[in-house]
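Everything below concerns the one structure shown next.
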Amino acid sequence: MIDGPLIVGAGPVGLSAALLARARGLPAHVLERLPETTPKPGSRAIFLHRQTIQTLATASPVLADHVLREGLVWPGRRTYWAGRRVHHRRYEPVPPRLAPFVSLPQPRAEELLREAAVRAGVIFSWGARADEVTLLDTSVLVRAADGRQWRSPFVVAADGAGSVVRRRLGIPMDGDGGGDAFVVVDVADDPARPLPAERVFHYRHPEAGGRNVLIVPFAGGHRVDLQCRDRDDPAALAADPCDWLRPLLPSGHACEVTWSSHYLFRQAVAQTFTRGRVLLAGEAAHLYAPFGARGLNSGIADAAAAVDAIVNAGLGPDAALGALADYDRVRRAAAERNRAAAGKALAHLTAAGPHRQAAQRAAALAARVLPRAGTWLDSKPFGPRDAGIPGSLY
Ligand SMILES: Cc1cc2nc3c(=O)[nH]c(=O)nc-3n(C[C@H](O)[C@H](O)[C@H](O)COP(=O)(O)OP(=O)(O)OC[C@H]3O[C@@H](n4cnc5c(N)ncnc54)[C@H](O)[C@@H]3O)c2cc1C
């Protein structure tokens with residue numbers, strides 16, 4: 001029997017939950033299906049909002065300090081329509097502690113989280129793939145595929161989009177199964193021919209066959225998202241990216257791809273975030289289209305709320321399980337709003353229907369004389385900043 005929460009999954013959400021639990025004085029034990037040394041690839045969730053960094057700072061000011069020092073704050077943002085600039089905004093430089101966000105590749109964020117978790121005394125079981133979950137009267141039993149088992153008063157399921165814990169508990173996801181395809185590539189900087197260190201969005205990039213392209217800088221490289229067309233083969237574009245990528249880079253820029261992948265914009269929310277003494281968090285509970293960066297930022301908000309719920313419930317056999325019901329209500333409502341906000345971004349990106357296309361074309365024309373039209377084009381691919389979640393951006 002473990003004295004504190006058992007956290008399934010050492011992704012960013014599970015690591016955050018473990019760290020936040022330790023900060024509240026709870027023992028925390030993490031199961032991870034991968035071996036300890038398996039590297040995690042790709043920039044993936046690259047945008048950490050200040051709210052998220054502040055949440056992590058409550059558990060580890062040292063971690064937050066590392067994130068702020070290593071993360072990049074883009075000095076500006078630009079948007080182009082068919083190669084013509086329609087918006088450009090520069091930010092005033094701010095000291096790291098006041099950064100509104102940082103751009104930090106997810107594997108590095110996970111390394112920093114893991115180091116902080118080890119410092120805080122989190123226990124890890126690596127190579128432990130949770131395979132069976134049994135709800136008992138006052139605890140939860142988790143069995144790994146290799147036969148090891150753990151019993152704990154509460155389980156936080158942070159085992160990602162394919163969550164075994166969620167599936168074993170029979171919790172369905174509401175939402176779409178397919179979606180629009182994107183190819184994502186990390187390309188190393190070429191110091192001789194630098195790309196701007198700004199976030200750049202292209203509508204109908206002329207060098208990308210009129211596809212939309214997002215370019216996001218991070219320390220040492222840029223992440224490029226290419227929005228596929230219906231007839232594109234995303235796997236082929238991801239497998240051999242330099243053909244389409246080179247024309248998007250400054251002339252002569254080395255095409256050194258450090259990671260490439262493809263993904264579908266999926267939008268789905270679990271029908272409940274709790275069952276018995278199990279709390280779902282992060283992608284185990286919800287999937288959003290990534291533009292707007294709601295995946296990881298909301299997952300860490302879930303982690304904080306899950307730990308609050310466990311602390312409020314109390315670890316004993318008489319735990320006040322109403323705190324878990326509150327977690328379900330509050331974080332599922334937040335997830336619905338996050339999904340709606342990400343859905344607005346998605347609807348804009350896919351320009352579904354003649355009205356959206358006409359509005360975008362009209363804004364691009366108007367932006368020649370009306371800066372607000374350019375600002376509109378610049379912000380819309382990321383959805384509304386405020387999704388209407390009480391007390392939280394995510
Ligand atoms: C190509 C790509 C691009 C993305 N881009 C963005 C982006 O730009 N912005 C954004 O916000 N998000 C983005 N995301 C999503 C982002 O990566 C996720 O939101 C984030 O990783 C969710 O964290 P998590 O901890 O919930 O799940 P995960 O990161 O999936 O972590 C789950 C962990 O659980 C482990 N695990 C799984 N099953 C078990 C099991 N049975 N037992 C034990 N351990 C298990 C896994 O090995 C993993 O370590 C992207 C994702 C991908 C794949």
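Quick caveat: nothing in here was measured; it's all calculated off a predicted structure. Basis for what follows: all heavy atoms, side chains included, without hydrogens, waters or symmetry-related copies. Order of listing sets the numbers, starting from 1, for every ligand and every atom in it.
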Numbered atoms of ligand 1 (with element) below 4.0 Å of [X], judged on heavy atoms:
X	result
Arg129	41 (N), 42 (N)
Val8	42 (N), 43 (C)
Gly160	27 (O), 30 (O), 32 (C)
Leu34	47 (O)
Tyr263	1 (C)
Leu296	11 (O), 19 (O)

Under 4.0 Å, counting heavy atoms only: does [X] come that close to any atom of ligand 1?
X	value
His262	no
Ala158	yes
Trp259	yes
Ala128	yes

Quick check for you: to the nearest 0.5 Å, what is the distance between Arg97 atom CZ and Arg50 atom CZ?
10.5 Å
To which of [options] does the heavy atom nearest [atom] belong?
atom	options	answer
atom 25 (O) of ligand 1	Ile46, Leu264, Val13, Leu214	Val13
atom 33 (C) of ligand 1	Gly11, Pro290, Pro41, Gly162	Gly11
atom 21 (O) of ligand 1	Arg33, Gln106, Glu32, Glu283	Gln106

Geometric N/O contact Ser261 with ligand 1, under 3.5 angstrom:
no
May I ask you to decide whether Arg329 forms a salt bridge with Asp326, counting only side-chain N to carboxylate O separations under 4.0 Å?
yes
Asp378/Arg77 ion pair, N-O < 4.0 Å:
yes
Decide whether [X] and [Y] meet the rule of one side-chain donor and one side-chain acceptor closer than 3.5 Å.
X	Y	result
Thr52	Asn297	yes
Arg78	Tyr80	yes
Gln267	His286	no

For ring pair (Phe, Tyr, Trp, His ring centres under 6.0 Å), just list the numbers for His87 and Trp81, CA-CA rounded to whole Å, side-chain angles, deciding distance to a tenth of an Å, and then say yes or no.
CA-CA 9 Å; His87 180 81; Trp81 178 274; over 10 Å; no
Within 45° cone and under 6.0 Å: Arg331 NZ/CZ vs Phe273 ring
no
Ring pair (Phe, Tyr, Trp, His ring centres under 6.0 Å) between Trp74 and Phe47, intermediate numbers included
CA-CA 11 Å; Trp74 320 316; Phe47 180 97; 5.8 Å; yes
